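Here the structure comes first, spelled out in structure tokens, and everything after it is commentary.
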Amino acid sequence: MPTKSKNPHLPFGDRQTAPWYGKNILSVKQFSRDDLEYIFSVAHEMRTMVERVGTFDLMKGKILANLFYEPSTRTSSSFMAAMQRLGGAVIPISEVKFSSVAKGESLPDTVRTLGCYADVIVLRHPEVGSAALAARHAGKPVINAGDGVGEHPTQALLDTFTIREEMGRLDNLTVTMLGDLKYGRTVHSLARLLTQFDGIKLNYVSPEILRMPRDVMDEVAGKGIPQSEPMSLEKVLPKTDVLYVTRVQKERFEDPGVYEKVKNAFVVNPKVMKAAKEKMIVLHPLPRVNEISMDFDDDPRAAYFRQMEYGLYVRMALLALVLGKA
Ligand code: CP
């Protein structure tokens, strides 16, 4: 279960006994399989409500502080849309250079400030462990929206929700992760989260210098999940149920020359995908650069744009849960 935020002021009218009330969401390690089933059932309800009425007043009077120290399109805007569709309001801080961060204010002081104005804080920050640090000082629940090369737990939740909705199951799947597995925090979180399910097999295909970190592989191995690191995609593609493609993260490379050498190591296109099953899906956390060609976008197996939409419902569910409204 998630860690509890140190919020001494519990507003009247919230379901303060709800198991998720006031809790931080920092890592996928916090979730049991029952937790996941519950989140997905709430996300499913959110989808139904959005399709039926668009916006509703579940979170009227609640405020989200959306604090992003790194660029984002999907995570930032889907959290804002989630709060607004639930009838709440948002303090958007996407350009920290226009906040007091530019004057040297520390992360603890910044989140302590936002905790005075908002009911929940969503944080993206370039340093591993930043969300946990913020949670110790905010006085309100903190949701990790990506901490450097660490974790991106809400992305992994929406990825698994997407798999469940698209494939109809989360057990007995072969998942192949492709691309930048070293710096791609989404794959670190997803590999860990998939250990909750039965009959999962994980393949990691990447350039040699961008392999899945040993600590993640050790954790996954400790849960009894078979993993392999094949040299080529062709070897595992025919048996893959979910191909999870990631961008080579240029911004994490110290030497631009090294990035240039690996940036196009793997490209998914219609020709490559001829070897894949008819019933499988291709996911990508996005943004993409060249790693999936645009002429694959119309293939029914290309689920990455639907994946973005599922993210809205999962983030609506998470906000409702930590604010005691679900
Ligand atoms: N998937 C994801 O985190 O996208 P953004 O960087 O656009 O938020």
Side-chain angles (χ1 to χ4, degrees), residues 28 152 155-156 158-249 261-286 288-297 299-304 306-307:
V28 291
H152 194 348
Q155 178 71 45
L158 80 87
D159 294 338
T160 39
F161 183 64
T162 302
I163 295 169
R164 179 185 183 261
E165 297 291 295
E166 295 275 325
M167 298 296 290
R169 68 184 197 279
L170 278 158
D171 293 314
N172 302 314
L173 292 168
T174 296
V175 179
T176 299
M177 300 183 179
L178 176 72
D180 182 348
L181 308 183
K182 178 181 178 184
Y183 296 121
R185 56 195 171 201
T186 65
V187 286
H188 304 164
S189 290
L190 183 59
R192 288 179 170 122
L193 198 59
L194 287 171
T195 64
Q196 297 280 350
F197 303 99
D198 298 325
I200 296 290
K201 290 185 189 146
L202 294 177
N203 301 313
Y204 308 128
V205 184
S206 68
E208 179 64 27
I209 60 163
L210 297 176
R211 287 167 67 175
M212 183 65 92
R214 182 51 51 190
D215 63 318
V216 178
M217 287 188 71
D218 287 347
E219 265 183 66
V220 171
K223 301 278 170 62
I225 301 291
Q227 303 169 91
S228 75
E229 293 183 286
M231 296 303 291
S232 73
L233 178 61
E234 289 72 31
K235 211 165 173 187
V236 288
L237 188 56
K239 290 196 169 167
T240 294
D241 300 301
V242 178
L243 177 62
Y244 194 94
V245 187
T246 63
R247 173 178 68 94
V248 177
Q249 302 210 5
K261 279 190 194 143
V262 295
K263 68 177 186 184
N264 291 326
F266 298 98
V267 178
V268 172
N269 58 33
K271 188 168 168 230
V272 169
M273 289 303 294
K274 276 188 183 153
K277 292 181 188 179
E278 204 174 306
K279 173 78 182 140
M280 58 85 71
I281 51 171
V282 178
L283 301 184
H284 191 310
L286 302 174
R288 71 170 154 190
V289 185
N290 294 318
E291 59 279 359
I292 302 178
S293 67
M294 289 176 75
D295 55 358
F296 182 67
D297 291 353
D299 189 299
R301 297 170 295 181
Y304 31 91
R306 299 192 291 276
Q307 183 184 359

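Heavy-atom basis, side chains included; hydrogens, waters and symmetry copies ignored. Note that the coordinates shown come from a computational prediction; the quantities given were computed from them, not determined experimentally.
Side-chain N or O atoms of E229 include none that pairs as donor or acceptor with a backbone N or O of R211 at under 3.5 Å. In terms of modelled atom types and a separation under 3.5 Å, the side chain of D171 and the main chain of F197 share no donor-acceptor contact. In this structure, the side chain of D180 engages the main chain of Q249 through a donor-acceptor pair within 3.5 Å. Side-chain atoms of T176 never come within 3.5 Å of backbone atoms of N203 as a donor-acceptor pair (strictly under, hydrogens ignored).
Looking at K279, R306, Q307 one by one, the single match for side-chain hydrogen bond (donor to acceptor under 3.5 Å, both in side chains) with E166 turns out to be R306. The side-chain contact (heavy atoms from CB on, under 4.5 Å) test with K223 singles out one residue from L194, T195, I200, and that residue is T195.
Ring geometry for F296 against Y304 counts as tilted: the plane angle lies between 30° and 60°, on a 0 to 90° scale.
Residues satisfying the salt bridge (Lys or Arg N to Asp or Glu O under 4.0 Å) criterion with R169, sequence neighbours excluded, are absent altogether.
Considering only heavy atoms from C-beta on, L243 comes within 4.5 Å of L233 through its side chain. By the 4.5 Å heavy-atom criterion applied to side chains, M273 and V282 are counted as neighbours. Using a 4.5 Å heavy-atom threshold, the side chains of L283 and I163 count as touching. No side-chain heavy atom of S189 sits under 4.5 Å from any side-chain heavy atom of Q155. Contact of the K263 side chain with the V289 side chain is not registered, since no non-hydrogen atoms from C-beta on lie closer than 4.5 Å.
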Exercise for the section: Begin with the C-alpha distance, continue with both residues' side-chain angles, and end with the deciding distance and a verdict on side chain to side chain contact (heavy atoms under 4.5 Å, CB included) for I209 and K182. Expected result: CA-CA 8 Å; I209 60 163; K182 178 181 178 184; over 6 Å; no

Practice task
Could you please spell out the steps behind the side chain to side chain contact (heavy atoms under 4.5 Å, CB included) verdict for V242 and D159?
Solution key: CA-CA 10 Å; V242 178; D159 294 338; over 6 Å; no

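Counting non-hydrogen atoms of other residues, nucleotides and ligands closer than 6.0 Å to NZ of K201 gives a total of 12 or fewer.
The distance from the CD atom of E165 to the CG atom of L170 is 9.5 Å, given to the nearest 0.5 Å. Going from atom CZ of R214 over to atom CE of M212 covers 11.0 Å, rounded to the nearest 0.5 Å. Rounded to the nearest 0.5 angstrom, S293 OG and R288 CZ are separated by 8.0 Å. Atom OG1 of T186 is separated from atom CG of L286 by 10.0 Å, given to the nearest 0.5 angstrom. Here I281 contributes atom CD1 and T240 contributes atom OG1; the two are 11.5 Å apart, rounded to the nearest 0.5 Å. Distance CD/E278 to CG/D299: 9.5 Å, rounded to 0.5 Å.
Taking all atoms of both residues into account, the shortest heavy-atom contact from M280 to R301 is O-CG, 3.3 Å. Between V245 and P285 the shortest heavy-atom distance is O-CD, 3.3 Å. Across all non-hydrogen atoms, the minimal contact from T246 to L181 is OG1-CD2, 4.3 Å. For the pair L237 and V272, the tightest heavy-atom approach, listed with the atom from each and the gap, is CD2-O, 3.4 Å. Annotation for A302 and D297: closest pair CB-O, 3.7 Å, computed over non-hydrogen atoms. Minimum interatomic distance between V205 and S232 (heavy atoms only, all atoms of both residues): CG1-C, 4.0 Å.
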